[in-house]
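Reading through the structure tokens given below for one structure.
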Amino acid sequence: MLRIYNTLTRSKDEFKPITPGEVTMYTCGPTVYDYFHIGNARSFIMSDMIRRYLLYSGYKVKYVMNITDIDDKIIKRANEEGIDARQVAENYTRAFLEDIEKIKIKKADVYPKATDHIHDIISMIARLIDNGIAYNADGDVFYEISKFNGYGKLSGKNTEDLEAGARVEVNEIKNNPFDFALWKKHKEGEPYWESPWGNGRPGWHIECSAMGCKHLGETFDIHSGGTDLIFPHHENEIAQSEGATGKQFVNYWIHFGFLNIDNEKMSKSLGNFFTLRDFIKKYDAETLRYFYAQTHYASPLNFTDEALSASAKGLERIQNLYDKLNEMISSGDTGTEEPAFDLAGYYTSFNESMDDDFNTPKAVAVIFDFAKDANRIIHSGAKFTRGFLESLKEFMDKTAVGVFEIIKVHDAGAGRDLADDLIGILIKVRQEAKISKNYALADLIRNELNALGVILQDSKEKTTYKIH
RNA sequence: GGCGCUGUACCCAAGUGGCUUAAGGGGAAGGUCUGCAAAACCUUUAUUCGUCGGUUCGAAUCCGACCGGCGCCUCCA
């Protein structure tokens, strides 16, 4: 039984999808005004792992990730660069899609863009006005929070608290300083669309409400995003959607903890701001995914070089086992042994860990326990049946690859190339050297290859290699 | 000021009342294997969970106080 910590109820709730066997899930994607950073990457990756686990569990998942392509920051960026806002959005949307592919995030079923949904946004605003909870103030349309009595239910805030700590600038045209913009009146130099209230553009929060309702229905199962979006963004999404439809908007709200760099908040002014593009020059996608999987999604996470290196090192153990299994299977190095191995137990532990609010650190630990157990058997020298080896590989394919995608799957059918043949010759020469006890030559070959990133590993029968 | 999170070994990090006299990874030390390495495996590395009290037959887990760290309340994943 899957249980999910739900921000809305502040408790771990049993997960019951609206339609049995199917899940509708929406996750806040980027505002495309810049390359995204490793903090954003955490949200995207953890959302991806949650989706993959739901798929692994047998659910049919409809996964929507929005792209906010019209917003103050995009306009600002466009003005800075002296180009069209549309162009800024297009450039960074393309970069975004490239980047998430690099970090092995499964493609969403839909990537709705705000600018493709202006019509839906306008309809929703019109509905809110009809319902008497939004007002047109001379071309700007605001949401009147006092008209929605559920306002604050997600973030646990109430209007009085907000006013007590008010740091929101007072805007004379609003009825209440906390009313927020649904539609912004056109200003010179900004993109605009026609609407019943005059030319303008959507406010920040409305596109998620409109697109979520459009693509997933007026009530859907899961909505995820960074913890900083709880207020005001998600609070406002609820107010808008429920104000318009009168139905519960989302059943389960999932929020991801923040990422710090060396214990400090990542910010451009501190100079500790890393885009994903910077990151993947130094580490690979699997390391990042594994690093994130090692901490529960809701906890704050401190990002340090030391921690990343430790993750890269630890991950090798899992990758080595996977490679070893592949090699044993493809080389036909099999026999008749069928050792006792509690594979079902590992599946159970893995499932139970993930069912407990997606406890990825615990699930990762299960994979390590499995690896230790499997390695112990594999290295015992016996010859195992192909079926047994394949069952071990299958476990890794389903968990480490299918759910986490933290190990690399090399093309099984990849042909040998010239480098492979040359390395093969060197290994043969080295083998001869070892037989004649010319260890100086044997070590020379190994060291030289090592310097090229080719790691030789001797075993009793043969020498294998991997290219780093 | 309001709301919320958090403090577990040298580092990262699960565990939130008895299954745990605290998982897993990194690091360190010793060992097996090896010509030597590498890989892999074995052993060791927190009688203790920020501090002090309390509740309980029993607490890292619940309660209180105190000392730290952090987030949101303003654009932010």
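So that the names make sense, note that chain A is the first sequence line, chain B the second, and so on, each numbered from 1.
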Nucleotide N/O to protein N/O under 3.5 Å, stretch nucleotides 11-18 of chain B:
{"unit_1": "B/A14", "atom_1": "OP1", "unit_2": "A/His296", "atom_2": "N", "d": "2.9"}
{"unit_1": "B/A14", "atom_1": "O3'", "unit_2": "A/Asn359", "atom_2": "ND2", "d": "3.1"}
{"unit_1": "B/G15", "atom_1": "OP1", "unit_2": "A/Asn359", "atom_2": "ND2", "d": "3.0"}

So, do A/Phe44 and B/A77 meet the stacking rule of ring centres under 5.5 Å and planes under 30°?
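Base of B/A77: not stacked against A/Phe44.
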Indicate whether A/Phe368 forms a stack on B/G24; treat it as stacked only if centroid distance is below 5.5 angstrom and interplanar angle below 30 degrees.
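No, aromatic ring not over the base.
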Taking atom [atom1] in both [N] and [M], what distance in whole Å separates the two?
N	M	atom1	answer
B/G25	B/G15	C1'	16 Å
B/U74	B/G69	C1'	23 Å
B/G18	B/A59	C1'	10 Å
B/A37	B/G71	C1'	48 Å
B/A39	B/G26	P	11 Å
B/A22	B/C49	C1'	8 Å
B/U44	B/C36	P	26 Å
B/G54	B/A14	P	31 Å

Identify whether any heavy atom of [X] sits under 4.0 Å from a base atom; if not, whether one sits that close to sugar-phosphate; answer base, sugar-phosphate or nothing.
X	result
A/Asp458	base
A/Arg446	base
A/Gly39	base
A/Arg42	nothing
A/Lys437	nothing
A/Ser309	nothing
A/Asp443	base
A/Leu315	nothing
A/Ile367	nothing

What is the distance, rounded to the nearest whole Å, between atom [atom1] of [X] and atom [atom2] of [N]?
X	N	atom1	atom2	value
A/Ile455	B/C36	CD1	P	20 Å
A/Met266	B/C75	CE	C1'	15 Å
A/Phe231	B/C3	CZ	C1'	11 Å
A/Asp373	B/G24	CG	P	13 Å
A/Asn260	B/G7	CG	P	15 Å
A/Ile406	B/G26	CD1	P	13 Å

Taking OP1 and OP2 of B/C5, is either one under 4.0 Å from a side-chain nitrogen or oxygen of A/Arg10?
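It does not, given that no N or O in the side chain of A/Arg10 lies less than 4.0 Å from OP1 or OP2 of B/C5.
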Would you say A/Lys313 reaches B/G27's phosphate, i.e. side-chain N/O to OP1/OP2 under 4.0 Å?
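Answer yes for this pair, as a side-chain N or O of A/Lys313 is under 4.0 Å from OP1 or OP2.
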Could I get the full list of salt bridge (charged side-chain N to carboxylate O under 4.0 Å, His left out) partners for A/Lys147, not counting sequence neighbours?
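Salt bridge (charged side-chain N to carboxylate O under 4.0 Å, His left out) list for A/Lys147, sorted by chain: A/Glu144.
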For RNA chain B, just give me the dot-bracket, please: Watson-Crick or G-U, both distances below 3.5 Å, ( ) intra-strand, [ ] crossing earlier pairs, | paired with another strand, . unpaired.
((((((((.[[[..)..(.....]]]((((((.......))))))....[[[[[..)....]]]]])))))))....
